[in-house]
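Below is one structure, written out as structure tokens, with a few remarks after it.
Only a predicted model underlies this, so the values are computations on that prediction, with no experimental measurement involved.
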Amino acid sequence: MSKKILILTGDAAESLEVYYPYFRILEEGYEAVIAAPSVKTLRTVVHDFEGWDTYTEKPGYQLSSHIAFSEVDPAEYDGLILPGGRAPEYIRLDDNVPRIVSHFFEANKPVGAICHAALILNVVGDRSYFEGRSMTAYSACKPDVEALGATYAKETLCVDGNIVSGHAWPDLPGFMREFLKQVNSR
């Protein structure tokens, strides 16, 4: 039976952090399901580093979601990908997100969190999933990682238990390699 991976995102997700995992999952022969607040065409963004003190943002590709958060039964999935960009700052406010994300920690399933995804993890009520662990994220999210009770890793790729975390889109090759290694070992 093929494995099924959930990608939890919304408008203003970083294009590469959605598309790269989506196509890698399909390439692996697994089913990739994109969940969003509602079933719609999502608008992604492109973040880049162009000499500013922070990243720049431009419109990216459009992408269709497959399922609404309210319809997600997380028990059906073998792993979870949380892309970054600006989507995490508002999708974490959806009442279904804590239920969905918590399941993957309760069941010790692989969770891939990249860039600003640490913002989503902050809605998980049980901090014991993160305490004493190491994670990385975009540098502006260091306080969010530490608020979880985790140690912020300066490395741009970090694997600690079932959590695979990455700093930003340039880390996607290693991020997906390590995430899929965990999915494949189950």
Does Q62 reach the side chain of L42, with side-chain heavy atoms less than 4.5 Å apart? no

Distance only, no hydrogens: is a donor on one side chain within 3.5 Å (strictly under) of an acceptor on the other, for R133 and N162? yes

For the residue pair F179 and R24, establish whether any side-chain heavy-atom pair is separated by less than 4.5 Å. no

With a 3.5 Å distance limit and no angle check, can you tell me whether Q182 reaches the backbone of V111 through a side-chain donor-acceptor pair? no

Can a donor-acceptor pair be found, under 3.5 Å and without considering hydrogens, that links the side chain of E14 to the backbone of H47? yes

Using salt bridge (Lys or Arg N to Asp or Glu O under 4.0 Å) as the criterion, list what pairs up with E57, not counting sequence neighbours. R86

Heavy atoms of G85 and P88 approach each other most closely as O-CD, 3.4 Å

Decide yes or no for P83 and I81: does some side-chain heavy atom of the first lie under 4.5 Å from some side-chain heavy atom of the second? yes

Taking the side chain as every heavy atom from C-beta outward, state whether V33 and K4 have any atom pair closer than 4.5 Å. yes

State, yes or no, whether a side-chain contact exists between K40 and D11 at a heavy-atom distance under 4.5 Å. yes

List the steps and the verdict of side-chain contact (heavy atoms from CB on, under 4.5 Å) for F69 and I91. CA-CA 9 Å; F69 294 159; I91 68 168; 3.9 Å; yes

Distance-only, no hydrogens or angles: does the E17 side chain make a donor-acceptor pair with backbone N or O of G84 under 3.5 Å? yes

Hey, does F104 have a side-chain heavy atom less than 4.5 Å from the side chain of L6? yes

Within a radius of less than 6.0 Å around CG of D95, do more than 12 heavy atoms belonging to other residues, nucleotides or ligands occur? no

Of all heavy-atom pairs between D144 and N122, which one has the smallest distance, and what is that distance? O-ND2, 3.3 Å

Applying a strict under-4.5 Å side-chain criterion to I, L, V, M, F, W and Y, I'd like to know whether F23 and Y77 cluster together. no

In the structure I gave you, are the side-chain heavy atoms of L63 and T41 within less than 4.5 Å of one another anywhere? no

So, T56 and D48: side-chain donor and acceptor under 3.5 Å apart, yes or no? no

Between H103 and K109, do the side chains contain a donor N or O and an acceptor N or O under 3.5 Å apart? yes

Under the side chain to side chain donor-acceptor pair (under 3.5 Å) criterion, do N184 and Y30 qualify, and how do the steps go? CA-CA 10 Å; N184 291 335; Y30 299 153; 2.3 Å; yes

One pair to check against side-chain contact (heavy atoms from CB on, under 4.5 Å): I5 and L80. What are the steps and the verdict? CA-CA 6 Å; I5 308 299; L80 174 66; over 6 Å; no

Pair listing, ring pair (Phe, Tyr, Trp, His ring centres under 6.0 Å) test, anchored in residues 130-163, at least two apart: Y55-Y138, F105-F130, H116-Y138, Y138-H167

Going by distance alone, is a donor N or O of one side chain under 3.5 Å from an acceptor N or O of the other, for N96 and E71? no

At their closest point, which heavy atom of P21 faces which heavy atom of L16, and how far apart are they? CD-O, 3.5 Å

So do P37 and Y90 actually touch side chain to side chain, heavy atoms under 4.5 Å? yes

If I compare all heavy atoms of S134 with all of D160, which pair ends up nearest, and what's the gap? N-OD2, 2.8 Å

Quick one: closest heavy-atom pair of S165 and T136, and the distance? OG-N, 2.9 Å

For a quick test of reading the model, state the closest non-hydrogen atom pair linking A35 to V72 and the distance between them. CB-CG2, 3.9 Å

Does a side-chain N-to-carboxylate-O contact under 4.0 Å join E106 and R99? no

